[in-house]
Amino acid sequence: MRKNLPPEIEEYVKRRHKTRFVRSYGGVIVTFVFLGIALAFITQLVLRELNSESMAAGATEEKSVAAPEPVAKPAKRQETAAPAAKAETAVVKPTPTQEKSDGAASQQAMSQWDEAARVIEGFFSTSEAKERLSWVAPARDLETKLRDYEKRAKGLPWLGKPDKIGPQFALQGSYLITTITFKGHKPRHIALERTTLGWRVDWESYVGWCERPLREIAAANESGEAFEVRAEAYRVNPPPPGYPADEYLALLLRHPDDGTALQAVVPRKMLGDTPAGKTMSESLPGRYTLRVKPSSGAAGEDGWAEVSEIICPGWLPRLYASSHP
């Protein structure tokens, strides 16, 4: 530094000396700062995008696990030959309708569902009563009932090919219950019973089998025989002449696949004698399995019948019997 400089010049020279580094490299520093900020911003965007893609991939993977899976055609059994399927049916891989279950129980339930779904597909792949026998739970006079139903149920889709099986199912006792859906119709319940041959369709409950159609029972006023029927029961008033209202309850019985309804009376005493009767007294309308006989006298001529037994609520008598000793 030069000597004998004026004070203000000397002060100026000192300041210039102190800020020499900033003046020389300040622009470079600012440039690097801005570059660092820009790089951090770009990095954050890239990480966010990668995270979004990872989440999307995870969601896709989860969806694929629960996606519908085609059910294999049933294997050939030694007892009966499994018929070939007509067309594909969408089988939605469900989970049991239980709020909580451990892993082992859930895995066992899903294994049972897989087997049951194969049986349902086999049942609907057949076109004749004789072929269906291999997929149906044993019952008295089953083949005769199957043939009789096919004659009187022509035009109904319930023995055709459904569009979808599932997705929910329930395990109760020796039964598995799920739904099937036909095009243009609401879901319809179907139950399978565990037999010595594995799961088999409870055909009688599925179609709502009645020993005689409701229209025939209403017309058979000369017969005292009682017939097992499955029907929707509605409470109506009043009972016909000869049946006091304090002793009898009047019902309208209707089958969802039958074009007619049947008027019937049930003794009020019967409503308190059994668990099934008590259920009917508290739950109408509802589906019931009943034993019904034509009414005699004027009431019978008017198309009334008498309920001689309330077998069970619903259309699964064997399940109800196993639940109520």
Side-chain angles (χ1 to χ4, degrees), residues 136-146 148-149 152-153 173 175 189 191 193 202-236 239-240 242-245 247-325:
V136 175
R140 181 172 56 89
D141 299 328
L142 180 59
E143 185 172 0
T144 301
K145 293 177 180 178
L146 277 165
D148 182 49
Y149 180 81
R152 62 164 113 146
Y175 279 84
H189 284 90
E193 184 180 12
D202 190 310
W203 173 81
E204 294 184 3
S205 68
Y206 168 63
V207 300
W209 169 257
C210 300
E211 287 184 337
R212 291 188 69 171
L214 298 183
R215 62 169 66 89
E216 293 183 12
I217 297 176
N221 54 19
E222 75 287 350
S223 171
E225 183 182 0
F227 304 98
E228 182 179 313
V229 301
R230 290 171 173 82
E232 297 171 347
Y234 301 84
R235 181 174 180 173
V236 295
Y243 294 89
E247 297 180 19
Y248 292 90
L249 182 69
L251 301 175
L252 179 71
L253 304 180
R254 174 186 173 275
H255 195 286
D257 299 341
D258 197 318
T260 60
L262 175 65
Q263 300 176 102
V265 291
V266 55
R268 291 185 180 275
K269 184 177 182 298
M270 187 182 295
L271 300 177
D273 284 347
T274 64
K278 293 176 181 177
T279 299
M280 175 174 277
S281 68
E282 299 171 355
S283 302
L284 286 172
R287 286 191 172 187
Y288 290 88
T289 304
L290 310 168
R291 201 168 296 281
V292 179
K293 63 180 182 179
S295 178
S296 58
E301 294 176 0
D302 292 338
W304 284 82
E306 297 178 8
V307 175
S308 59
E309 182 184 358
I310 303 170
I311 298 175
C312 70
W315 290 359
L316 288 164
R318 287 194 289 268
L319 174 61
Y320 183 81
S322 66
S323 304
H324 293 79

- Task: Take Met280 and Leu290, measure what side chain to side chain contact (heavy atoms under 4.5 Å, CB included) needs, and give me the verdict at the end.
- Result: CA-CA 11 Å; Met280 175 174 277; Leu290 310 168; 3.8 Å; yes
- Task: Walk me through it: do Val266 and Tyr288 pass the test side chain to side chain contact (heavy atoms under 4.5 Å, CB included)?
- Result: CA-CA 13 Å; Val266 55; Tyr288 290 88; over 6 Å; no
- Query: Under the side chain to side chain contact (heavy atoms under 4.5 Å, CB included) criterion, do Leu251 and Leu284 qualify, and how do the steps go?
  - Reply: CA-CA 9 Å; Leu251 301 175; Leu284 286 172; 3.9 Å; yes
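Between the side chain of Asp141 and the backbone N or O of Thr144, no donor-acceptor pair lies under 3.5 Å. Between the side chain of Thr289 and the backbone N or O of Gly314 there is at least one donor-acceptor pair closer than 3.5 Å. Using a distance-only test at 3.5 Å, with no hydrogens or angles considered, no donor-acceptor pair links the side chain of His255 to the main chain of Leu214. With hydrogens and angles ignored, the 3.5 Å screen pairs no side-chain donor or acceptor of Tyr175 with any backbone N or O of Leu316. Judged by distance alone, with hydrogens and angles left aside, the side-chain atoms of Ser308 form a donor-acceptor pair with the main-chain N or O of Arg291 at under 3.5 Å.
With values rounded to the nearest 0.5 angstrom, Trp203 atom CH2 is found 6.5 Å from Leu142 atom CG. The distance from the CE atom of Met270 to the CD1 atom of Ile310 is 6.0 Å, given to the nearest 0.5 Å. Separating the OG1 atom in Thr260 from the CD atom in Glu216 is a distance of 9.5 Å, to the nearest 0.5 Å. For the atom pair CD of Glu204 and CZ of Arg140, the computed distance is 8.5 Å after rounding to the nearest 0.5 Å. Taking CD from Glu193 and OG from Ser205, the interatomic distance works out to 9.0 Å, rounded to the nearest 0.5 Å. Put simply, CD on Glu309 and NZ on Lys293 are 12.0 Å apart, with the number rounded to the nearest 0.5 Å.
Under the rule for a side chain to side chain donor-acceptor pair (under 3.5 Å), Glu247 has no partner lying at least two apart in sequence or in another chain. Scored by the ring pair (Phe, Tyr, Trp, His ring centres under 6.0 Å) test, Tyr248 finds Tyr243 as partners (sequence neighbours excluded).
Among all heavy-atom pairs drawn from Tyr320 and Pro313, the shortest one is CE1-CD, 3.3 Å. Between Ser295 and Glu306, the shortest heavy-atom distance links the atoms OG-OE2, 3.7 Å. Nearest heavy-atom pair, Asp202 versus Arg318, reported as atom, atom and distance to 0.1 Å: OD2-NH2, 3.5 Å.
Considering only heavy atoms from C-beta on, Trp304 stays 4.5 Å or farther from Pro239 through its side chain. Annotation: side chain of Arg287 is in contact with side chain of Pro256 (closest heavy-atom distance under 4.5 Å).
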List the atom pairs, donor and acceptor, that lie under 3.5 Å between side-chain atoms in residues 226-234 and the rest of the protein, sequence neighbours left out.
{"from": "Glu228", "atom 1": "OE2", "to": "Arg230", "atom 2": "NH1", "distance (Å)": "3.4"}
{"from": "Arg230", "atom 1": "NE", "to": "Trp315", "atom 2": "O", "distance (Å)": "3.3"}
{"from": "Arg230", "atom 1": "NH1", "to": "Trp209", "atom 2": "O", "distance (Å)": "2.9"}
{"from": "Glu232", "atom 1": "OE1", "to": "Tyr234", "atom 2": "OH", "distance (Å)": "3.1"}
{"from": "Glu232", "atom 1": "OE1", "to": "Arg254", "atom 2": "NH1", "distance (Å)": "2.7"}

